[in-house]
Amino acid sequence: MAKWMVYQKKEDFRAIAQACGISQVLARLIRNRDVIGIEATRHFLRGTLSDLHDPRLLPDMDKAVGILCEKIRSGVSVRVIGDYDVDGICASYILMHTLSVCGAAADVVLPDRILDGYGMNPGMAEDAREDGIGLILTCDNGIAASEAIRAAREAGISVVVTDHHEVPFEEAEDGSRKYLLPPADAVVDPKVRNPQTDETDYPFPEICGAVVAWKLAGLVLEELAPSRKEETLKYLLPFCALATVCDVMPLLDENRILVREGLERAARTDNMGLRSLLVVNGLEGKHLSTHHAGFVIGPCLNATGRLDNAERALALFMEEDSSEALRSAQKLRELNDSRKSLTEQGVEQALVRISEDHLLDNRVLVIFLPDCHESLAGIIAGRIRERYCRPVFVLTRTEQGTVKGSGRSIEAYDMFASMTAVKECFIKFGGHKMAAGLSMKEEDISLLQERLEEGCSLREEELTDVLHIDMELPPSLWTPEMIQELRLLEPCGTANPRPMFAARGIRLRSLRIMGKGQNVLRMEASAGETRVTLIWFCEAARFQEMVVEAAGRRAWDALYAGRSDLAVSMIYYPEINEWRGRQSLQFVIKDMKIQSRTR
């Protein structure tokens with residue numbers, strides 16, 4: 001059962017509401033997202049592209065621009081090396097399109113997830129040497145590729161790294177960290193710390209690899225194609241938005257601006273490939289939300305890197321023939337459908353392994369699924385983490401006889417730091433606080449579980465899912481105008497979630513079970529004197545178990561028969577339902593607690 005916590009953050013909500021022309025309810029919601037003061041609230045509500053941070057504040061940015069422009073002017077061949085996820089694909093496209101506009105001799109390589117693994121490797125450096133490449137430009141990778149970058153430099157190839165991942169480090173006995181930068185000509189990564197202050201110089205380091213690439217692109221265009229800078233950067237905004245959402249970046253500060261502007265432009269994009277993806281997913285002409293980016297478009301792109309090769313997705317963005325773009329987009333959607341099926345099988349196998357091996361005795365779950373497709377390990381780990389609220393590693397056997405895996409974490413557990421503490425268990429690893437990738441020997445799996453558990457400081461209360469409630473507000477107080485105002489919070493996502501409200505004393509009257517999987521519950525209820533409609537995306541069997549356990553079988557029978565008076569508390573958000581031209585208020589349930597009959 002999730003723990004409910006109501007925010008209690010203080011502020012002069014009346015003053016902020018008056019100064020910003022909003023309600024006190026909205027002022028409180030914005031404060032709950034750690035936006036403090038009138039000016040910060042105005043920026044949250046009305047920030048524009050002109051409010052983005054100066055790209056020159058990124059470490060080594062001026063050096064990187066100078067190197068890149070010099071190589072382009074000299075006719076040196078440039079190779080972009082990206083990654084196989086949405087962020088890497090979008091970052092690669094941003095750089096390739098920019099290099100094309102600037103007239104550079106350039107090509108791109110995306111690693112094969114299975115054959116190459118994550119990021120740049122020494123084999124890619126050798127390939128670049130044989131192909132006469134003079135400059136390697138990485139994106140969404142490179143910060144941990146010291147060996148490969150050293151090989152490239154020794155072959156006489158210049159290397160500029162653009163990345164956003166955590167810088168690898170060694171930890172001393174006193175807890176201090178020595179950060180290990182790769183030996184590149186320039187390293188542009190917002191996570192790089194100033195050696196004098198041990199802090200990042202960039203004001204908002206939580207940007208994705210595509211945004212780092214986009215900021216580099218702007219300065220290169222300023223030098224080499226100034227007349228095309230503005231139109232090119234706006235054309236590329238949708239790829240910043242997609243990458244930011246799919247890489248689960250916090251939707252605050254400049255990310256919020258980039259995603260809002262980028263999704264708006266994505267809906268009317270001139271990019272043939274992106275437009276085709278909208279068409280095959282039934283999104284053409286629709287307002288695009290972060291849900292569409294993260295759960296419809298993004299998975300189609302990710303599926304190529306998981307079950308095929310990510311260069312297929314990149315080629316789609318570079319396609320100029322409309323018929324071919326539609327065919328390619330349809331193929332991506334079909335790959336994603338296959339990925340969904342394989343994922344469900346993997347989750348079921350993981351649940352069996354957890355039960356049979358009693359893995360819930362551990363606070364950190366290490367699950368070995370030898371026959372699982374290695375590209376699905378991260379998705380499966382995420383699903384298991386959501387179910388059990390524990391850090392999860394899913395490992396699978398490779399064709400080479402080693403083990404690869406992905407980890408997904410919870411807020412209270414720094415996964416990258418924990419892995420660094422047991423780095424002798426790995427052949428290779430990388431990532432950040434919430435997610436990581438690794439390779440290791442199969443015989444070391446038990447040792448990894450043991451060492452991670454020994455070093456884990458998680459308390460029992462941190463292994464319980466916490467639902468943060470913005471405020472307690474009865475459903476009877478909502479009006480269509482208030483719900484309309486909530487749209488000012490969009491785009492919603494990580495660190496700026498859809499607002500949640502709590503209500504007590506709700507009486508359920510009737511229940512209707514809908515959906516193919518019987519997982520949509522429509523309930524009529526009373527909130528005081530007001531009749532309200534509730535929608536809950538919950539399995540009917542699970543809800544029945546909750547009701548019977550708390551209030552008895554008769555309570556369930558009465559609810560199903562439409563003659564119930566069952567008392568509940570709920571967490572919800574309001575929305576306007578449109579059906580055949582008519583609008584009505586409904587309340588979507590996030591969680592519910594049923595009043596026990598013993599009270």
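Hydrogens, waters and symmetry mates play no part in the numbers below; they use all other heavy atoms, side chains included.
Residues R28 and R31 form no side-chain contact, since every pair of their non-hydrogen atoms from C-beta on lies 4.5 Å or further apart. At a threshold of 4.5 Å between non-hydrogen side-chain atoms, the residues V161 and D189 do not count as touching. The side-chain heavy atoms of K590 and Y572, taken from C-beta on, include no pair separated by under 4.5 Å. C139 has its side chain within reach of V80: a pair of non-hydrogen atoms, C-beta onward, lies under 4.5 Å apart. R193 has its side chain out of reach of V167: every pair of non-hydrogen atoms, C-beta onward, lies at least 4.5 Å apart. Looking at H468 and M500, their side chains never come closer than 4.5 Å, going by heavy atoms from C-beta outward. Looking at I354 and Y388, their side chains come closer than 4.5 Å, going by heavy atoms from C-beta outward. Between Y84 and L110 there is no side-chain heavy-atom pair separated by less than 4.5 Å.
Salt-bridge annotation for D185 and R153: present, with a side-chain N of the basic residue lying under 4.0 Å from a carboxylate O of the acidic one. Ion pair R542/E545 not flagged as a salt bridge, since none of the NZ, NE, NH1 or NH2 atoms sits closer than 4.0 Å to an Asp/Glu carboxylate oxygen. Here E171 does not pair with K423 in a salt bridge; the nearest charged N to carboxylate O distance is not below 4.0 Å. Between R177 and E170, no side-chain nitrogen of the basic residue sits less than 4.0 Å from a carboxylate oxygen of the acidic one, so the salt-bridge criterion is not met. Using a 4.0 Å cut-off between charged nitrogen and carboxylate oxygen, R33 and D470 count as a salt-bridge pair.
The minimum heavy-atom distance linking T244 with C208 is given by the pair OG1-SG, 3.5 Å. Here the closest heavy-atom approach between residue T138 and residue L95 is recorded as O-CD1, 4.5 Å. Nearest approach of P59 to V192, heavy atoms of both residues: CG-CB, 3.9 Å. When all heavy atoms of A293 and P299 are compared, the closest pair comes out as O-CD, 4.3 Å. Residues D83 and P111 approach most closely at CA-CD, 4.0 Å, considering heavy atoms. Considering all non-hydrogen atoms of both residues, P190 and L58 come closest at CB-CD2, 3.7 Å.
A donor-acceptor pair under 3.5 Å links the side-chain atoms of N121 to the main chain of G123, judged by distance alone. Looking only at distances, a side-chain donor or acceptor of R256 sits under 3.5 Å from a matching main-chain atom of F44. The closest donor-acceptor contact from the side chain of R312 to the backbone of T304 lies at 3.5 Å or more, if one exists at all. Not a single donor-acceptor pair under 3.5 Å links the side chain of N302 to the backbone N or O of D85. D87 places a side-chain N or O within 3.5 Å of a backbone atom of G209 that can act as its donor or acceptor partner. No donor-acceptor distance shorter than 3.5 angstrom exists from the side chain of N141 to the backbone of G119, with no hydrogens or angles considered. A donor-acceptor pair is defined here as one N or O able to donate and one able to accept, closer than 3.5 Å; such a pair exists between the side chain of D163 and the backbone of I143.
Judged purely by distance below 3.5 Å, without hydrogens or angles, the side chains of N336 and R339 pair a donor atom with an acceptor atom. Remark: the S375 side chain and the H373 side chain contain an N/O donor-acceptor pair separated by less than 3.5 Å.
Using cut-offs of 30° and 60° for the angle between ring planes, the F543 and W536 rings count as perpendicular. The aromatic rings of H53 and F204 sit tilted relative to each other, their planes meeting at an angle between 30° and 60°.
Summarising the local packing, CD of E334 is surrounded by more than 12 heavy atoms from other residues, nucleotides or ligands at distances under 6.0 Å. In Q544, the CD atom is crowded: over 12 heavy atoms of neighbouring residues, nucleotides or ligands sit closer than 6.0 Å. Other residues, nucleotides and ligands contribute only 12 or fewer heavy atoms inside 6.0 Å of the CD atom of E460. Residue F295 places its CZ atom among 12 or fewer non-hydrogen atoms of other residues, nucleotides or ligands, all under 6.0 Å distant.
Remark: Q196 engages no residue in a side chain to side chain donor-acceptor pair (under 3.5 Å) (not counting sequence neighbours). R383 pairs by the side chain to side chain donor-acceptor pair (under 3.5 Å) definition with E344, not counting sequence neighbours. Considering only residues two or more places apart in sequence or on other chains, F429 meets the ring pair (Phe, Tyr, Trp, His ring centres under 6.0 Å) condition with F416, F426. Applying the side chain to side chain donor-acceptor pair (under 3.5 Å) test to T396 and every residue at least two apart in sequence or in another chain returns nothing. Not counting sequence neighbours, the partners of D174 by the side chain to side chain donor-acceptor pair (under 3.5 Å) test are S176.
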Give every donor-acceptor pair under 3.5 Å between a side-chain atom in residues 446-453 and any protein atom, sequence neighbours left out.
from : atom 1 : to   : atom 2 : distance (Å)
Q449 : OE1    : V366 : N      : 3.3
Q449 : NE2    : V364 : O      : 2.9
R451 : NH1    : E424 : OE2    : 2.4
R451 : NH2    : E424 : OE2    : 3.0
E453 : OE1    : R363 : N      : 3.1
E453 : OE1    : V364 : N      : 3.2
E453 : OE2    : R363 : N      : 2.9
E453 : OE2    : R363 : NE     : 3.1

- Residue pair V160, V187: steps toward the side chain to side chain contact (heavy atoms under 4.5 Å, CB included) verdict: CA-CA 6 Å; V160 170; V187 179; over 6 Å; no
- When you look at E254 and K215, which way does the salt bridge (Lys or Arg N to Asp or Glu O under 4.0 Å) test go after all the steps? CA-CA 12 Å; E254 63 181 344; K215 286 176 174 282; 3.1 Å; yes
- I384 and L365: side chain to side chain contact (heavy atoms under 4.5 Å, CB included), yes or no, with the steps? CA-CA 9 Å; I384 300 300; L365 303 185; 4.0 Å; yes
- Message: Would K433 and E411 count as a salt bridge (Lys or Arg N to Asp or Glu O under 4.0 Å) here? Give the steps.
- Response: CA-CA 8 Å; K433 179 180 178 180; E411 199 60 45; 3.6 Å; yes
- Step by step, would you call D34 with K9 a salt bridge (Lys or Arg N to Asp or Glu O under 4.0 Å)? CA-CA 9 Å; D34 292 323; K9 298 181 179 181; 2.6 Å; yes
- For the pair E462 and R459, evaluate salt bridge (Lys or Arg N to Asp or Glu O under 4.0 Å) and give the outcome as yes or no after the intermediate values. CA-CA 5 Å; E462 293 173 317; R459 302 183 302 275; 3.5 Å; yes
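At least one test fails for R353 against the ring of F368: distance under 6.0 Å to the centre or angle within 45° of the axis.
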